[in-house]
Amino acid sequence: MRNDQLSILEEMKSVSGDIELLSIGVTMTIGEYAVVDRIADFMNHHPDMNLHIHFGNTSQLLLLLDEGKINLALVEGNYPKDSYGHMNYSTEDYIGVCEVSHTFLKKNPKTMNDLKNERLIVRESGSGTRNILEELLLARGMEISDFERYIEVENMHTIIGLLKRDCGVSFMYKIAVADELESGVLKEIKLSDFKMQHDFDFIWEKDSIYTDKYVEICKELSIFK
(Lines give C-alpha, C1' and ligand atoms only; values in the text may rest on other atoms or scores of the structure.)
Protein backbone atom coordinates (compact mmCIF):
# COMPACT_ATOMS: atom_id res chain seq x y z
CA MET A 1 0.00 0.00 0.00
CA ARG A 2 2.89 2.37 0.77
CA ASN A 3 4.49 1.78 -2.63
CA ASP A 4 1.10 2.08 -4.38
CA GLN A 5 0.32 5.37 -2.63
CA LEU A 6 0.96 7.47 -5.75
CA SER A 7 -1.41 5.40 -7.88
CA ILE A 8 -4.07 5.31 -5.18
CA LEU A 9 -4.06 9.11 -4.91
CA GLU A 10 -4.26 9.50 -8.67
CA GLU A 11 -7.15 7.03 -8.88
CA MET A 12 -9.02 9.06 -6.26
CA LYS A 13 -8.44 12.18 -8.37
CA SER A 14 -9.80 10.50 -11.48
CA VAL A 15 -12.93 9.39 -9.62
CA SER A 16 -13.50 12.95 -8.42
CA GLY A 17 -13.19 14.25 -11.98
CA ASP A 18 -9.63 15.58 -11.76
CA ILE A 19 -7.11 14.69 -14.46
CA GLU A 20 -5.13 11.54 -13.64
CA LEU A 21 -1.33 11.70 -13.43
CA LEU A 22 0.98 8.95 -14.67
CA SER A 23 4.59 9.12 -13.49
CA ILE A 24 7.17 7.19 -15.53
CA GLY A 25 10.93 6.98 -15.03
CA VAL A 26 13.22 6.42 -18.02
CA THR A 27 16.95 5.93 -18.30
CA MET A 28 18.96 8.40 -20.35
CA THR A 29 19.42 6.35 -23.51
CA ILE A 30 15.79 5.24 -23.60
CA GLY A 31 14.43 8.70 -22.85
CA GLU A 32 16.55 10.42 -25.47
CA TYR A 33 16.51 7.88 -28.30
CA ALA A 34 13.96 5.10 -27.88
CA VAL A 35 10.63 6.25 -26.47
CA VAL A 36 9.74 9.88 -27.31
CA ASP A 37 7.53 9.03 -30.30
CA ARG A 38 5.89 6.19 -28.37
CA ILE A 39 4.98 8.47 -25.49
CA ALA A 40 3.67 11.13 -27.87
CA ASP A 41 1.32 8.62 -29.52
CA PHE A 42 0.23 7.30 -26.12
CA MET A 43 -0.62 10.79 -24.86
CA ASN A 44 -2.56 11.62 -28.03
CA HIS A 45 -4.73 8.60 -27.21
CA HIS A 46 -5.14 9.76 -23.59
CA PRO A 47 -5.86 13.52 -23.75
CA ASP A 48 -7.26 13.53 -20.20
CA MET A 49 -4.08 12.21 -18.59
CA ASN A 50 -1.11 14.21 -17.29
CA LEU A 51 2.38 12.71 -17.49
CA HIS A 52 5.56 13.21 -15.51
CA ILE A 53 8.74 11.79 -17.10
CA HIS A 54 11.66 11.37 -14.70
CA PHE A 55 15.19 10.88 -16.05
CA GLY A 56 17.78 8.92 -14.10
CA ASN A 57 20.13 5.99 -14.31
CA THR A 58 18.89 2.50 -13.50
CA SER A 59 19.92 2.66 -9.84
CA GLN A 60 18.15 5.98 -9.32
CA LEU A 61 14.93 4.76 -10.94
CA LEU A 62 14.86 1.62 -8.83
CA LEU A 63 15.07 3.81 -5.74
CA LEU A 64 12.19 6.01 -6.96
CA LEU A 65 10.09 2.89 -7.54
CA ASP A 66 10.92 1.53 -4.10
CA GLU A 67 9.94 4.86 -2.53
CA GLY A 68 6.63 4.94 -4.43
CA LYS A 69 7.54 8.17 -6.23
CA ILE A 70 6.97 6.82 -9.76
CA ASN A 71 4.45 4.31 -11.12
CA LEU A 72 6.61 2.67 -13.77
CA ALA A 73 10.18 2.69 -15.01
CA LEU A 74 11.63 1.81 -18.40
CA VAL A 75 15.23 0.73 -17.87
CA GLU A 76 18.16 -0.46 -19.94
CA GLY A 77 20.30 -1.88 -17.15
CA ASN A 78 20.18 -5.01 -15.02
CA TYR A 79 17.84 -5.21 -12.04
CA PRO A 80 16.70 -8.00 -9.65
CA LYS A 81 13.84 -9.44 -11.70
CA ASP A 82 12.48 -11.43 -8.79
CA SER A 83 11.89 -8.17 -6.92
CA TYR A 84 9.83 -6.35 -9.57
CA GLY A 85 6.98 -6.87 -11.95
CA HIS A 86 8.34 -6.51 -15.47
CA MET A 87 7.55 -6.65 -19.19
CA ASN A 88 9.87 -6.47 -22.18
CA TYR A 89 9.73 -3.32 -24.31
CA SER A 90 12.43 -4.14 -26.87
CA THR A 91 15.72 -5.96 -27.37
CA GLU A 92 18.56 -3.78 -28.60
CA ASP A 93 22.06 -4.30 -30.02
CA TYR A 94 24.92 -3.13 -27.79
CA ILE A 95 28.02 -2.17 -29.78
CA GLY A 96 31.47 -0.60 -29.71
CA VAL A 97 31.68 2.67 -31.62
CA CYS A 98 34.21 5.32 -32.67
CA GLU A 99 34.74 8.13 -35.17
CA VAL A 100 34.72 6.80 -38.73
CA SER A 101 38.40 7.64 -39.44
CA HIS A 102 39.69 6.78 -35.95
CA THR A 103 43.26 5.38 -35.91
CA PHE A 104 43.55 2.57 -33.37
CA LEU A 105 46.70 2.35 -31.28
CA LYS A 106 46.75 -1.37 -31.96
CA LYS A 107 46.14 -1.73 -35.68
CA ASN A 108 43.07 -3.75 -36.71
CA PRO A 109 41.81 -4.65 -33.20
CA LYS A 110 40.05 -8.00 -33.04
CA THR A 111 39.19 -8.37 -29.35
CA MET A 112 38.20 -6.24 -26.37
CA ASN A 113 41.72 -6.64 -24.99
CA ASP A 114 43.11 -5.00 -28.15
CA LEU A 115 41.28 -1.80 -27.21
CA LYS A 116 42.60 -1.34 -23.68
CA ASN A 117 45.14 1.30 -24.78
CA GLU A 118 42.38 3.44 -26.30
CA ARG A 119 40.72 6.26 -24.38
CA LEU A 120 37.39 4.90 -23.14
CA ILE A 121 34.40 7.26 -22.99
CA VAL A 122 32.05 5.81 -20.41
CA ARG A 123 28.89 6.63 -18.46
CA GLU A 124 28.85 7.16 -14.69
CA SER A 125 28.52 4.39 -12.09
CA GLY A 126 24.91 3.28 -11.72
CA SER A 127 24.17 3.74 -15.42
CA GLY A 128 22.63 0.76 -17.18
CA THR A 129 24.85 1.34 -20.21
CA ARG A 130 27.94 1.21 -18.01
CA ASN A 131 26.67 -1.78 -16.05
CA ILE A 132 26.36 -3.84 -19.25
CA LEU A 133 29.92 -2.92 -20.24
CA GLU A 134 31.24 -3.88 -16.80
CA GLU A 135 29.62 -7.31 -17.09
CA LEU A 136 30.99 -7.84 -20.59
CA LEU A 137 34.49 -6.92 -19.44
CA LEU A 138 34.23 -9.14 -16.36
CA ALA A 139 33.36 -12.13 -18.54
CA ARG A 140 36.64 -11.53 -20.38
CA GLY A 141 38.74 -11.10 -17.25
CA MET A 142 38.83 -7.32 -17.67
CA GLU A 143 37.44 -4.24 -15.96
CA ILE A 144 37.04 -0.57 -16.80
CA SER A 145 40.25 0.27 -14.91
CA ASP A 146 42.18 -1.73 -17.52
CA PHE A 147 41.60 1.28 -19.78
CA GLU A 148 44.24 3.64 -18.39
CA ARG A 149 42.75 6.67 -20.16
CA TYR A 150 39.08 7.48 -19.90
CA ILE A 151 36.42 10.19 -19.91
CA GLU A 152 33.43 9.66 -17.59
CA VAL A 153 30.29 11.48 -18.76
CA GLU A 154 26.75 11.58 -17.34
CA ASN A 155 25.09 12.54 -20.62
CA MET A 156 24.78 10.45 -23.79
CA HIS A 157 24.65 13.46 -26.14
CA THR A 158 28.02 14.60 -24.79
CA ILE A 159 29.52 11.12 -25.29
CA ILE A 160 28.35 11.09 -28.90
CA GLY A 161 29.73 14.58 -29.40
CA LEU A 162 33.13 13.49 -28.05
CA LEU A 163 33.09 10.44 -30.33
CA LYS A 164 32.43 12.68 -33.33
CA ARG A 165 35.52 14.70 -32.35
CA ASP A 166 37.55 11.47 -32.21
CA CYS A 167 38.21 11.66 -28.48
CA GLY A 168 38.10 7.91 -27.88
CA VAL A 169 35.97 4.79 -28.15
CA SER A 170 32.76 3.89 -26.36
CA PHE A 171 30.21 1.11 -25.92
CA MET A 172 26.49 1.80 -26.05
CA TYR A 173 23.15 0.76 -27.47
CA LYS A 174 23.15 1.00 -31.25
CA ILE A 175 19.85 2.90 -31.21
CA ALA A 176 21.64 5.88 -29.60
CA VAL A 177 23.95 6.35 -32.62
CA ALA A 178 21.74 5.01 -35.42
CA ASP A 179 21.73 8.34 -37.28
CA GLU A 180 25.50 8.82 -36.95
CA LEU A 181 26.18 5.29 -38.19
CA GLU A 182 23.84 5.73 -41.14
CA SER A 183 25.41 9.07 -42.11
CA GLY A 184 28.94 7.67 -41.82
CA VAL A 185 30.09 10.03 -39.06
CA LEU A 186 30.69 7.15 -36.65
CA LYS A 187 31.40 3.46 -37.23
CA GLU A 188 30.83 0.25 -35.33
CA ILE A 189 33.92 -1.45 -33.91
CA LYS A 190 33.69 -5.07 -35.05
CA LEU A 191 35.27 -7.49 -32.57
CA SER A 192 35.43 -11.27 -32.70
CA ASP A 193 34.67 -11.67 -28.98
CA PHE A 194 31.97 -9.06 -28.72
CA LYS A 195 28.36 -9.45 -29.81
CA MET A 196 25.67 -8.38 -27.41
CA GLN A 197 21.96 -7.70 -27.19
CA HIS A 198 20.10 -6.57 -24.10
CA ASP A 199 16.51 -5.95 -23.11
CA PHE A 200 14.82 -2.65 -22.40
CA ASP A 201 12.19 -3.52 -19.76
CA PHE A 202 9.21 -1.88 -18.11
CA ILE A 203 9.30 -2.51 -14.36
CA TRP A 204 6.99 -1.75 -11.44
CA GLU A 205 6.65 -2.74 -7.81
CA LYS A 206 6.10 -6.48 -7.38
CA ASP A 207 2.60 -7.45 -6.22
CA SER A 208 1.27 -3.94 -6.80
CA ILE A 209 -2.52 -3.79 -6.68
CA TYR A 210 -2.24 -1.87 -9.97
CA THR A 211 -0.32 -4.57 -11.84
CA ASP A 212 -3.13 -5.15 -14.36
CA LYS A 213 -3.31 -1.43 -15.08
CA TYR A 214 0.45 -1.17 -15.54
CA VAL A 215 0.49 -4.17 -17.87
CA GLU A 216 -2.15 -2.53 -20.07
CA ILE A 217 -0.16 0.73 -20.17
CA CYS A 218 3.01 -1.16 -21.09
CA LYS A 219 1.20 -3.10 -23.80
CA GLU A 220 -0.22 0.10 -25.27
CA LEU A 221 3.17 1.83 -25.30
CA SER A 222 4.68 -1.23 -26.97
CA ILE A 223 1.97 -1.32 -29.66
CA PHE A 224 3.04 2.14 -30.80
CA LYS A 225 6.56 0.97 -31.68
Side-chain angles (χ1 to χ4, degrees), residues 25-37 39 53-61 73-78 90-200:
V26 294
T27 52
M28 300 298 183
T29 299
I30 292 174
E32 293 177 348
Y33 302 101
V35 78
V36 173
D37 291 340
I39 289 178
I53 302 175
H54 301 263
F55 277 80
N57 62 40
T58 299
S59 297
Q60 292 166 340
L61 295 183
L74 183 52
V75 301
E76 66 202 62
N78 293 319
S90 66
T91 300
E92 305 292 338
D93 293 328
Y94 187 88
I95 64 170
V97 64
C98 65
E99 195 267 338
V100 68
S101 59
H102 179 76
T103 300
F104 293 99
L105 293 175
K106 183 169 183 178
K107 191 174 181 180
N108 300 320
K110 302 296 183 184
T111 67
M112 292 282 285
N113 192 63
D114 292 339
L115 294 177
K116 66 182 181 181
N117 292 323
E118 301 289 332
R119 180 188 287 115
L120 178 66
I121 308 175
V122 65
R123 285 286 305 276
E124 79 284 358
S125 296
S127 160
T129 299
R130 178 177 175 137
N131 178 249
I132 300 303
L133 176 60
E134 288 172 333
E135 290 196 353
L136 287 168
L137 290 171
L138 182 62
R140 291 155 180 78
M142 299 175 63
E143 54 189 27
I144 286 178
S145 61
D146 289 331
F147 294 81
E148 295 183 0
R149 300 182 300 153
Y150 68 90
I151 306 173
E152 185 174 283
V153 185
E154 298 183 8
N155 178 275
M156 188 60 70
H157 281 297
T158 303
I159 290 178
I160 295 171
L162 291 170
L163 287 171
K164 289 179 180 179
R165 296 294 298 273
D166 199 16
C167 291
V169 304
S170 191
F171 294 85
M172 63 184 64
Y173 289 101
K174 189 173 183 177
I175 192 172
V177 286
D179 291 342
E180 289 79 7
L181 293 172
E182 185 176 352
S183 66
V185 176
L186 301 179
K187 67 178 179 180
E188 182 177 350
I189 304 171
K190 304 281 189 179
L191 301 173
S192 62
D193 67 341
F194 182 86
K195 188 172 178 62
M196 176 70 183
Q197 289 186 321
H198 200 271
D199 291 336
F200 289 178

Could you check whether atom [atom1] of [X] has more than 12 heavy atoms from other residues, nucleotides or ligands sitting under 6.0 Å from it?
X	atom1	answer
Glu135	CD	yes
Lys187	NZ	yes
Tyr150	OH	no

For [X] and [Y], which heavy atoms make the closest approach, and how far apart are they?
X	Y	value
Ala34	Phe200	CB-CE1, 4.0 Å
Leu61	Leu74	CD1-O, 4.4 Å
Ile189	Cys98	CG1-SG, 3.8 Å
Ser170	Ile159	OG-CG2, 3.8 Å
Thr27	Asn57	CG2-C, 4.1 Å
Met172	Ala176	SD-CB, 4.3 Å

Is Glu188 salt-bridged to Lys190, cutoff N-O under 4.0 Å? yes
What I want to find out is whether Glu180 reaches Lys164 closely enough, with some N-O distance under 4.0 Å, to be called a salt bridge. yes
Do side-chain atoms of [X] reach the backbone of [Y] as a donor and acceptor pair under 3.5 angstrom?
X	Y	value
Glu99	Ser101	yes
Thr58	Ser127	no
Tyr33	Lys174	no
Glu118	Leu105	yes
Arg140	Asp193	yes
Arg119	Arg149	no
His198	Glu76	yes

Between atom [atom1] of [X] and atom [atom2] of [Y], what is the distance when rounded to the nearest 0.5 Å?
X	Y	atom1	atom2	answer
Asn131	Asn78	CG	CG	4.5 Å
Leu136	Lys195	CG	NZ	13.0 Å
Asn113	Asp146	CG	CG	8.0 Å
Lys116	Thr111	NZ	OG1	9.0 Å
Ser90	Gln197	OG	CD	10.0 Å
Arg165	Ile160	CZ	CD1	15.5 Å

Could you tell me if the side chain of [Y] sits less than 4.5 Å from the side chain of [X], heavy atoms only?
X	Y	result
Lys110	Leu191	no
Phe147	Leu137	yes
Gln60	His54	no
Thr129	Thr29	yes
Leu163	Val185	no

Mind running side-chain contact (heavy atoms from CB on, under 4.5 Å) on Val122 and Ile151 for me, showing each step along the way? CA-CA 6 Å; Val122 65; Ile151 306 173; over 6 Å; no
Can you confirm if the aromatic rings of Phe171 and Phe194 lie within a centre distance of less than 6.0 Å? yes
Please walk me through it: do Ile144 and Arg130 pass side-chain contact (heavy atoms from CB on, under 4.5 Å)? CA-CA 9 Å; Ile144 286 178; Arg130 178 177 175 137; 3.6 Å; yes
So which of Val169, Asn117, Asp114 actually passes side-chain contact (heavy atoms from CB on, under 4.5 Å) with Phe104? Val169
